[in-house]
Amino acid sequence: MKTTLRTLRPLLLALPLLLGGCQTTMQRIADCKVGDWTNIGRKDGVAGEVQNFAERKEFCDDHGNDNAKAGAAAASSYGAGWEQGNWDFWAQRGRTDGQQARLVSAYDGHVASPAVRNNATPLNRPAYEAGWLAGNADYWQGLGKREGTAGLPLQQKEINRQNAAAAALRFDETAYASGWQVGNHTFWQDAGFNDAHNGVPDTELKNRATAARSAGVLVQEEAYRSAWQAEIINYWRNLGTQDAVSGKDFAVRKREALQKGLKLYESDYRQAWEARLVEHWRAAGASDGYGKPFLLDERIANAARDGVFVIPRTRDVYTDAWDEQNTRYCTPDNAFDLGRRAAGMAIDVCRAELRNQLKRALLSGRDYEEASRRYNQSLADANDTDARLRDGHRRLSRLDNEIRSALGSKDRVVNEETQKQDRRRDQERRELVDYLQRLERQLDDARRWVHRHQQQMEQLRRDIYVN
């Protein structure tokens with residue numbers, strides 16, 4: 001088993017590791033139900049916990065099911081899993097330290113850390129050092145890639161070797177050179193892309209190569225040319241897109257390219273040029289179609305002034321877009337909404353057979369807003385009257401209680417003063433009853449107005465569809 005684990009360790013270093021720390025009870029119960037004792041042991045090891053099969057078995061016996069019952073091989077499976085987990089615990093810390101250019105002696109700091117001491121985590125220097133070597137390789141490979149991408153020569157590794165020696169850090173020449181090769185390839189790809197993107201001919205490679213060799217930088221011509229070739233097509237497409245709405249034509253671009261010795265990609269240029277013009281004329285038609293007259297002839301006449309070109313498809317593209325938007329604009333619903341917002345409508349741009357209906361819809365929208373205002377006012381009046389009516393009934397109920405209490409009292413003394421109070425209460429009650437009757441009539445009227453305005457609004461909304 002140990003031989004097998006040693007064989008697997010280099011591969012496992014590259015796998016994502018479980019985060020350290022205490023496992024939750026729910027996680028442990030779930031693991032018990034699965035009954036994978038190798039995984040249970042590995043999780044304990046990765047969490048930095050001591051190997052304790054007996055405790056884990058007792059826990060699973062209480063919380064698991066038949067899958068969690070520890071068979072004859074459970075203890076050895078748990079032990080093998082824990083061994084791998086403990087290895088991973090230390091290897092990950094070593095790799096992180098190596099990636100951050102820390103010395104391998106940082107292991108001692110982990111040993112003395114509270115997390116390790118509190119958990120009594122079993123130590124594993126070989127695992128840490130294996131992880132540290134992998135992380136150290138990552139560090140130098142990354143540095144090599146960055147310096148290669150920056151256009152530095154491979155000889156830069158000697159400076160790095162000296163710096164590493166001064167810091168007592170292990171220098172991994174193989175990893176650095178591997179990263180540098182990748183970075184150098186990227187450097188030439190970037191150069192090719194940037195030249196093509198800026199319209200620089202690929203003959204510039206000769207000058208770049210001369211300067212690179214003088215600086216001791218490896219030249220990767222194929223990387224430059226493949227990137228330049230891929231981007232030069234986009235350069236011509238971008239020019240076509242720009243020129244279509246800026247007044248420049250291909251003849252000007254052709255002269256400029258020939259002067260620079262730049263390859264021509266006329267087909268790609270013209271495809272992008274025409275696509276941009278189709279987009280322009282479609283947008284123009286859509287803009288005019290929503291409430292403006294058919295202005296194509298005027299736009300064509302002003303095309304040169306506006307820096308755009310007229311193409312054979314201009315009339316069809318503009319007309320289709322104009323018709324589509326005009327259809328959306330010239331609808332009763334739109335006229336009604338514009339009327340509600342007190343906005344105007346260019347009814348004269350709509351078909352003649354629709355204009356009368358649209359006028360009515362526009363006016364209906366305005367009338368609808370006025371009816372809506374009256375409806376809201378009537379509803380507010382009704383709610384206010386209803387509130388006053390409920391308050392009046394509460395007052396009447398209190399007054400009736402006072403009258404019954406006064407008349408039903410065993411200690412009541414009948415004299416001029418009590419009779420005066422009785423007359424005052426009776427008068428107050430008659431006035432309150434009259435007041436409540438008036439409020440009830442007012443509430444009935446208000447509700448009728450609410451209903452009337454609501455019906456008017458509904459009728460105005462229906463009328464817009466009548467031809």
Side-chain angles (χ1 to χ4, degrees), residues 241-242 244-247 273-383 445-467:
T241 300
Q242 296 169 20
V245 290
S246 64
W273 182 84
E274 183 167 350
R276 180 64 184 89
L277 287 170
V278 168
E279 179 185 327
H280 169 81
W281 289 111
R282 181 180 292 115
S287 175
D288 292 349
Y290 201 78
K292 295 179 183 178
F294 191 83
L295 301 174
L296 176 60
D297 292 335
E298 180 181 332
R299 284 185 175 274
I300 289 177
N302 295 327
R305 184 201 65 187
D306 297 335
V308 297
F309 295 87
V310 178
I311 56 176
R313 296 174 59 191
T314 291
R315 184 167 294 277
D316 289 341
V317 170
Y318 178 97
T319 301
D320 289 346
W322 190 93
D323 287 342
E324 180 182 349
Q325 292 301 311
N326 180 262
T327 299
R328 287 184 61 240
Y329 181 78
C330 298
T331 63
D333 284 323
N334 188 45
F336 185 80
D337 290 340
L338 291 172
R340 290 192 61 184
R341 300 198 301 269
M345 184 178 192
I347 294 177
D348 56 324
V349 305
C350 301
R351 299 198 313 271
E353 63 271 22
L354 295 174
R355 292 173 186 172
N356 287 335
Q357 183 182 10
L358 295 176
K359 289 177 182 178
R360 289 196 302 272
L362 187 67
L363 293 174
S364 292
R366 294 170 182 169
D367 292 341
Y368 183 94
E369 280 303 294
E370 177 59 26
S372 176
R373 185 191 64 77
R374 292 195 298 267
Y375 167 83
N376 290 330
Q377 183 60 55
S378 297
L379 185 61
D381 291 343
N383 290 336
D445 288 342
R447 285 173 174 168
R448 281 194 292 272
W449 278 112
V450 169
H451 181 67
R452 188 176 304 171
H453 293 318
Q454 186 177 28
Q455 284 185 317
Q456 183 184 9
M457 292 164 63
E458 292 172 354
Q459 186 62 46
L460 287 168
R461 196 72 179 83
R462 289 193 296 268
D463 287 347
I464 70 173
Y465 301 110
V466 178
N467 291 325

Distance-only, no hydrogens or angles: does the [X] side chain make a donor-acceptor pair with backbone N or O of [Y] under 3.5 Å?
{"X": "Gln454", "Y": "Tyr375", "result": "no"}
{"X": "Ser287", "Y": "Ala283", "result": "no"}
{"X": "Asn326", "Y": "Trp322", "result": "no"}

Of all the heavy-atom pairs spanning [X] and [Y], show the shortest one and how long it is.
{"X": "Arg313", "Y": "Val278", "value": "NH1-CG2, 3.6 Å"}
{"X": "Arg366", "Y": "Ala343", "value": "NH2-O, 3.7 Å"}
{"X": "Ala361", "Y": "Ala335", "value": "CB-CB, 3.8 Å"}
{"X": "Phe294", "Y": "Thr319", "value": "CZ-OG1, 3.4 Å"}
{"X": "Ala371", "Y": "Leu460", "value": "CB-CD1, 4.3 Å"}
{"X": "Ala382", "Y": "Val450", "value": "CB-CG2, 4.4 Å"}

Q: Please assess Leu362 against Leu338 for the test side-chain contact (heavy atoms from CB on, under 4.5 Å), listing each intermediate value before the final yes or no.
A: CA-CA 7 Å; Leu362 187 67; Leu338 291 172; 4.0 Å; yes
**Q.** salt bridge (Lys or Arg N to Asp or Glu O under 4.0 Å) between Glu370 and Arg374, intermediate numbers included
**A.** CA-CA 6 Å; Glu370 177 59 26; Arg374 292 195 298 267; 3.3 Å; yes
Taking atom [atom1] of [X] and atom [atom2] of [Y], what is their separation to the nearest 0.5 Å?
{"X": "Cys350", "Y": "Arg355", "atom1": "SG", "atom2": "CZ", "value": "7.5 Å"}
{"X": "Leu358", "Y": "Ser364", "atom1": "CG", "atom2": "OG", "value": "11.0 Å"}
{"X": "Tyr368", "Y": "Gln456", "atom1": "OH", "atom2": "CD", "value": "11.0 Å"}
{"X": "Thr331", "Y": "Phe336", "atom1": "OG1", "atom2": "CZ", "value": "12.0 Å"}
{"X": "His280", "Y": "Thr241", "atom1": "NE2", "atom2": "OG1", "value": "14.0 Å"}
{"X": "Arg360", "Y": "Asp463", "atom1": "CZ", "atom2": "CG", "value": "8.5 Å"}

Q) Does the gap between the ring centers of Phe309 and Trp273 come in under 6.0 Å? A) yes
Heavy-atom side-chain contact between [X] and [Y] under 4.5 Å:
{"X": "Lys359", "Y": "Ile347", "result": "yes"}
{"X": "Glu324", "Y": "Thr327", "result": "no"}
{"X": "Gln242", "Y": "Arg276", "result": "no"}
{"X": "Val310", "Y": "Trp281", "result": "yes"}
{"X": "Met345", "Y": "Tyr329", "result": "yes"}
{"X": "Arg299", "Y": "Val308", "result": "no"}
{"X": "Ile300", "Y": "Arg315", "result": "yes"}
{"X": "Tyr318", "Y": "Leu295", "result": "yes"}

Q: Output, in order, the C-alpha distance, side-chain angles, deciding distance and verdict of salt bridge (Lys or Arg N to Asp or Glu O under 4.0 Å) for Arg282 and Glu279.
A: CA-CA 5 Å; Arg282 181 180 292 115; Glu279 179 185 327; over 6 Å; no
Q: Could you tell me whether the side chains of Gln325 and Arg328 share a donor-acceptor contact shorter than 3.5 Å?
A: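 Present: a donor and an acceptor within the cut-off.
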Q.
Checking side-chain polar atoms at under 3.5 Å, does Asn334 have a donor or acceptor matched by the opposite partner on Tyr290?
A.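 Indeed, the side chains of Asn334 and Tyr290 share at least one donor-acceptor pair under 3.5 Å.
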Q | Verdict with reasoning, Leu296 to Thr314, per side-chain contact (heavy atoms from CB on, under 4.5 Å) | A | CA-CA 9 Å; Leu296 176 60; Thr314 291; 3.9 Å; yes
**Q.** Member of Gln459, Arg452, Glu458, His451 meeting the side-chain hydrogen bond (donor to acceptor under 3.5 Å, both in side chains) criterion with Gln455
**A.** His451
**Q.** salt bridge (Lys or Arg N to Asp or Glu O under 4.0 Å) assessment of Arg461 paired with Asp367
**A.** CA-CA 10 Å; Arg461 196 72 179 83; Asp367 292 341; over 6 Å; no
Q. Do other residues, nucleotides or ligands put more than 12 heavy atoms under 6.0 Å from the CZ atom of Arg351?
A.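 No, because the 6.0 Å sphere around CZ of Arg351 holds 12 heavy atoms or fewer from other groups.
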